[in-house]
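Values reported hereafter were calculated over all heavy atoms of this structure, with side chains retained and with hydrogens, waters and symmetry mates removed. Quick note: residue numbers are just sequence positions, from 1. Since we're looking at a predicted model, the values are computed, not measured.
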Amino acid sequence: MLLKIYNTLIRFLYPIAISRYIEKRKKRGKEDIKRFNERVGRPIKPRPEGKLIWMHGASVGESISMLPLIQRLLEVYPNAHVMVTTGTLTSAEIMAKRLPERAFHQYLPIENPVFATRFLKHWKPDIALWFESEFWPAMLSCIKRKNIPLILVNGRISNKSFKRWQQFDFIIKEILECFTLCLGQSDEDEYRLRVLGAKNTMCLGNLKYAGLPLPIDENKKQEIAEQITGRMVWLVSSTHDDEEFKIARFLKDLQKKVPNLLTFMAPRHPQRGSEIKQRLQKELGLNVALRSANEKITEKTDVYVADTIGELGIWYDLIPLVFIGGSLIPHGGQNFIEPSRSRDAVIVGPHMYNFADAMNRAKKADAVIQVNDVLELMETVENLLTHPDLLEAKRSLAYNWANGEAKVLEGIVEKIKAYLD
């Protein structure tokens, strides 16, 4: 009943207010003018023959997490196609580069039952896979009316959202009833979905644990490998402002304990590379080489700043010990699963709340090392680099855990097959 009222209001408000907001978005460059027809449910691309699997994710993170599932489903169904919808320009650009053959991108229509109906009438998807936590009631209710199986994949309900939705449980209950199946990305998410009114829920794990391997340019990798031959190396990855300096302050002391040490730094935002180099040289007297300036590693290099995009796979493949940034400061941490899959020993700081579930699982498997501060980080790095057997053991534990977690992909595929077949 509430969704019917909502859809009526949206139809009424669109010409009065929502269309004006969309025009402002166009002027700000936040809409793809050339493909705006997709946003009103009038796609130009024809529907491919055979089964069509539709996946929707809000933006970049969700769309990237789809890639392993897309690849696996196309293997299982060699005659099927996958349509990915998102709402942002950036995600559309990324999908254009990374989607495999038989997969294509479309923009999700603006929230309006008229546009949703047009969209579904054209594409006639055999199944809809909705990722994480972006709920558009007009589209979801339209999918339900068309009797299209609708699965929430990697469903996430944050603590803040859970408390807010509990105040409007009559609304979220009706929205969640549109889903045929809800797969929470953690046991906590599955519990929250069930409490809020989802009828068919379960947790198979977090799909982000099953990410595709990072790309590696073998020629560039070999070039770097030759430059670091004979050096003890470790990587400080995905760091944020000031984390590099906090660590670099102790590098000269660490070099005395670990002779011939070379530190790689891959900042989260590569454009900060020159700034990092200048500060480390000027204030700490370190010899720093900059990747973006094509500066080579020499025997005198203390720090190599890897300030480029798309080369993280090279560093994870070459370097056996990695510290993950965003965790020495209250940012919440960055992805520590990727280096684990590359068989690296992984250290993180105290602030990893963005990956709370993954951290709990990894710590139970002794697959990640968490330190409280920079001093403890330096002690841990020294201990691992001076005890090869311990380093090797930690690398194996991290890899075995990450490899085991990746099995979530097959569990999700089996659930999808039950509805597609």
Engineer: For residues Pro137 and Ile175, report the shortest heavy-atom separation together with the two atoms involved.
Structural biologist: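 Minimum heavy-atom contact is CG-CD1, 3.9 Å.
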Engineer: Inspect the surroundings of NZ in Lys415 and state if more than 12 heavy atoms from other residues, nucleotides or ligands are less than 6.0 Å away.
Structural biologist: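 Atom NZ in Lys415 is not packed in, count stays at 12 or less.
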Engineer: Ignoring hydrogens and geometry, is there a side-chain-to-backbone donor-acceptor pair from Arg39 to Arg35 under 3.5 Å?
Structural biologist: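 No, because the side chain of Arg39 does not come within donor-acceptor range (under 3.5 Å) of the backbone of Arg35.
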Engineer: Kindly compute the distance separating CG (Leu207) from CG (Leu183), expressed to the nearest 0.5 Å.
Structural biologist: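 The CG atom of Leu183 is 10.0 Å from CG of Leu207, to the nearest 0.5 Å.
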Engineer: Give a yes or no on whether Leu375 atom CG has more than 12 heavy-atom contacts from other residues, nucleotides or ligands under 6.0 Å away.
Structural biologist: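 Yes, CG of Leu375 has more than 12 neighbouring heavy atoms, counting only those of other groups under 6.0 Å.
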Engineer: Is it true that Glu190 and Arg194 have a side-chain N and a carboxylate O under 4.0 angstrom from each other?
Structural biologist: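 Looking at Arg194 together with Glu190, the answer is yes, because their closest N to O distance falls below 4.0 Å.
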Engineer: When you look at OH of Tyr191, are more than 12 heavy atoms from neighbouring residues, nucleotides or ligands closer to it than 6.0 Å?
Structural biologist: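 Check fails, neighbour count at 12 or below.
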Engineer: Could you work out, with side chain to side chain donor-acceptor pair (under 3.5 Å) as the rule, every residue matching Arg291, not counting sequence neighbours?
Structural biologist: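 Partners of Arg291 by the side chain to side chain donor-acceptor pair (under 3.5 Å) criterion, ordered by chain and then number, come out as Tyr304, Glu311.
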Engineer: Is it true that atom OH of Tyr21 has more than 12 heavy atoms of other residues, nucleotides or ligands lying nearer than 6.0 Å?
Structural biologist: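 No.
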Engineer: Distance-only, no hydrogens or angles: does the Asn37 side chain make a donor-acceptor pair with backbone N or O of Arg42 under 3.5 Å?
Structural biologist: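 Answer holds: yes.
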Engineer: Of all the heavy-atom pairs spanning Leu321 and Ile347, show the shortest one and how long it is.
Structural biologist: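 Smallest interatomic distance, heavy atoms only, reads CD1-CD1, 3.8 Å.
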Engineer: Hey, does the side chain of Arg156 reach the backbone of Glu132 with a donor-acceptor pair shorter than 3.5 angstrom?
Structural biologist: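 Answer holds: no.
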Engineer: For residues Asp307 and Pro270, report the shortest heavy-atom separation together with the two atoms involved.
Structural biologist: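 Taking every non-hydrogen atom into account, CB-O, 3.4 Å.
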Engineer: Has the side chain of Arg231 got a donor or acceptor atom that lies under 3.5 Å from a matching backbone atom of Leu261?
Structural biologist: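 Here the side-chain-to-backbone pair exists.
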Engineer: Of all the heavy-atom pairs spanning Ile319 and Leu235, show the shortest one and how long it is.
Structural biologist: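 In this case the closest contact between Ile319 and Leu235 is CG2-N, 3.6 Å.
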Engineer: List the residues meeting side chain to side chain contact (heavy atoms under 4.5 Å, CB included) with His122, not counting sequence neighbours, and say none if there are none.
Structural biologist: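 Once residues adjacent in sequence are excluded, the partners of His122 under the side chain to side chain contact (heavy atoms under 4.5 Å, CB included) criterion are Pro43.
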Engineer: Hey, mind stepping through Glu295 and Val305 against side chain to side chain contact (heavy atoms under 4.5 Å, CB included) and telling me if it holds?
Structural biologist: CA-CA 10 Å; Glu295 296 172 352; Val305 179; over 6 Å; no
Engineer: For the ring-ring contact (aromatic ring centres under 6.0 Å, His included) test, which of Tyr316, Trp401, Tyr209 pairs with Phe336?
Structural biologist: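 By the ring-ring contact (aromatic ring centres under 6.0 Å, His included) criterion, Phe336 pairs with just one of Tyr316, Trp401, Tyr209: Trp401.
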Engineer: Quick one: do the Ser396 and Arg343 side chains pair a donor with an acceptor below 3.5 Å?
Structural biologist: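 Yes, side-chain donor-acceptor contact under 3.5 Å.
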Engineer: Between CG of Leu69 and CG of Leu74, what distance do you get to the nearest 0.5 Å?
Structural biologist: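 Answer rounded to 0.5 Å: 9.5 Å.
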Engineer: Got more than 12 heavy atoms from elsewhere within 6.0 Å of CZ, Arg268?
Structural biologist: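 Open.
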Engineer: Once you round to the nearest 0.5 Å, how far does CG of Leu152 lie from CD1 of Ile157?
Structural biologist: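 Rounded to the nearest 0.5 Å, the CG-CD1 separation comes to 7.5 Å.
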Engineer: Take Val381 and Phe323 through the test side chain to side chain contact (heavy atoms under 4.5 Å, CB included) and record every step on the way to the result.
Structural biologist: CA-CA 9 Å; Val381 172; Phe323 169 76; 6.0 Å; no
Engineer: Looking at side-chain heavy atoms only, is the closest gap between Lys144 and Leu150 below 4.5 Å?
Structural biologist: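 Not in contact.
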Engineer: Taking atom types as modelled and ignoring hydrogens, do the side chains of Gln222 and Glu218 form a donor-acceptor contact shorter than 3.5 angstrom?
Structural biologist: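 The answer is no; no qualifying pair exists.
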Engineer: Is the backbone N or O of Pro125 less than 3.5 Å from a side-chain atom of Arg47, with the two atoms forming a donor-acceptor pair by type?
Structural biologist: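 No, Arg47 side chain to Pro125 backbone: no donor-acceptor pair under 3.5 Å.
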Engineer: Quick one: does any side-chain atom of Asn354 pair with a main-chain N or O of His331 as donor and acceptor, under 3.5 Å?
Structural biologist: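 Between the backbone of His331 and the side chain of Asn354 there is a qualifying donor-acceptor contact (under 3.5 Å).
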Engineer: Yes or no on side chain to side chain donor-acceptor pair (under 3.5 Å) for Lys363 and Gln370, after CA distance, side-chain angles and deciding distance?
Structural biologist: CA-CA 9 Å; Lys363 286 167 85 171; Gln370 189 165 31; 2.8 Å; yes
Engineer: If you round to the nearest 0.5 Å, how far is CE of Met66 from CG of Asn154?
Structural biologist: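 That separation rounds to 10.5 Å.
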Engineer: For the pair Asn206 and Arg361, evaluate side chain to side chain contact (heavy atoms under 4.5 Å, CB included) and give the outcome as yes or no after the intermediate values.
Structural biologist: CA-CA 11 Å; Asn206 193 331; Arg361 296 162 78 102; over 6 Å; no
Engineer: Ignoring hydrogens and geometry, is there a side-chain-to-backbone donor-acceptor pair from Glu382 to Val258 under 3.5 Å?
Structural biologist: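 It does not hold such a pair.
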Engineer: Looking at Met352 and Ser327, what are the two nearest heavy atoms and their distance?
Structural biologist: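 Of all heavy-atom pairs spanning Met352 and Ser327, the closest is SD-CB, 3.7 Å.
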Engineer: Answer yes or no: does atom CZ of Phe135 have more than 12 heavy-atom neighbours from other residues, nucleotides or ligands under 6.0 Å?
Structural biologist: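 Check passes, neighbour count above 12.
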Engineer: Mind running side chain to side chain contact (heavy atoms under 4.5 Å, CB included) on Met139 and Trp130 for me, showing each step along the way?
Structural biologist: CA-CA 11 Å; Met139 178 60 81; Trp130 211 264; 3.8 Å; yes
Engineer: Determine the minimum heavy-atom distance between Leu409 and Ala210, stating which atoms define it.
Structural biologist: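 Shortest heavy-atom contact: CB-CB, 4.0 Å.
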Engineer: Would you say CZ of Phe12 has more than 12 non-hydrogen atoms from neighbouring residues, nucleotides or ligands within 6.0 angstrom?
Structural biologist: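 Count not over threshold, so no.
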Engineer: Compute whether any side-chain donor of one residue and acceptor of the other, for Trp54 and Thr85, lie under 3.5 angstrom apart.
Structural biologist: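 Yes, because at least one side-chain N or O of Trp54 sits under 3.5 Å from a partner of the opposite role on Thr85.
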Engineer: How far does CG of Asn159 sit from CD of Glu188, to the nearest 0.5 angstrom?
Structural biologist: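 It comes to 8.0 Å.
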Engineer: Is Arg279 salt-bridged to Asp242, going by a charged N under 4.0 Å from an acidic O?
Structural biologist: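 Counted as a salt bridge, because a side-chain N and a carboxylate O are separated by less than 4.0 Å.
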Engineer: Under a 3.5 Å distance rule, please check whether Asn360 uses its side chain to pair with a backbone N or O of Ala356 as donor and acceptor.
Structural biologist: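 Yes; judged by distance alone, with no hydrogens or angles, the pair exists.
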Engineer: Could Arg72 and Glu75 be called an ion pair, given the rule that one side-chain N must be under 4.0 Å from one carboxylate O?
Structural biologist: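 Between Glu75 and Arg72 there is a salt bridge, with a charged N closer than 4.0 Å to a carboxylate O.
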Engineer: Between Asn7 and Ser141, do the side chains contain a donor N or O and an acceptor N or O under 3.5 Å apart?
Structural biologist: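 A pair is found: one side chain offers a donor N or O, the other an acceptor, under 3.5 Å apart.
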Engineer: Using a 3.5 Å distance criterion without hydrogens, assess whether the side chain of Glu243 forms a donor-acceptor pair with backbone atoms of Gly326.
Structural biologist: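 Such a contact is found between Glu243 side chain and Gly326 backbone.
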Engineer: Considering residues, nucleotides and ligands other than Glu101, do more than 12 of their heavy atoms fall under 6.0 Å from its CD?
Structural biologist: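 At most 12 heavy atoms, drawn from other residues, nucleotides or ligands, come within 6.0 Å of this atom.
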Engineer: I'd like to know if Glu23 pairs up with Arg20 as an ion pair, taking the criterion as any Lys NZ or Arg NE/NH1/NH2 lying under 4.0 Å from an Asp or Glu carboxylate oxygen.
Structural biologist: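 Salt bridge absent between Glu23 and Arg20.
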Engineer: Short question: side chain of Glu376, backbone of Val371 - any donor-acceptor pair under 3.5 Å?
Structural biologist: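 No, because the side chain of Glu376 does not come within donor-acceptor range (under 3.5 Å) of the backbone of Val371.
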Engineer: Measure the CD-CG distance between Glu414 and Leu204 for me, rounded to the nearest 0.5 Å.
Structural biologist: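 It comes to 10.5 Å.
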Engineer: How are the rings of Trp123 and Phe104 set relative to one another: parallel (under 30°), tilted (30 to 60°) or perpendicular (over 60°)?
Structural biologist: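 Because their plane-to-plane angle lies in the 30° to 60° range, the rings of Trp123 and Phe104 count as tilted.
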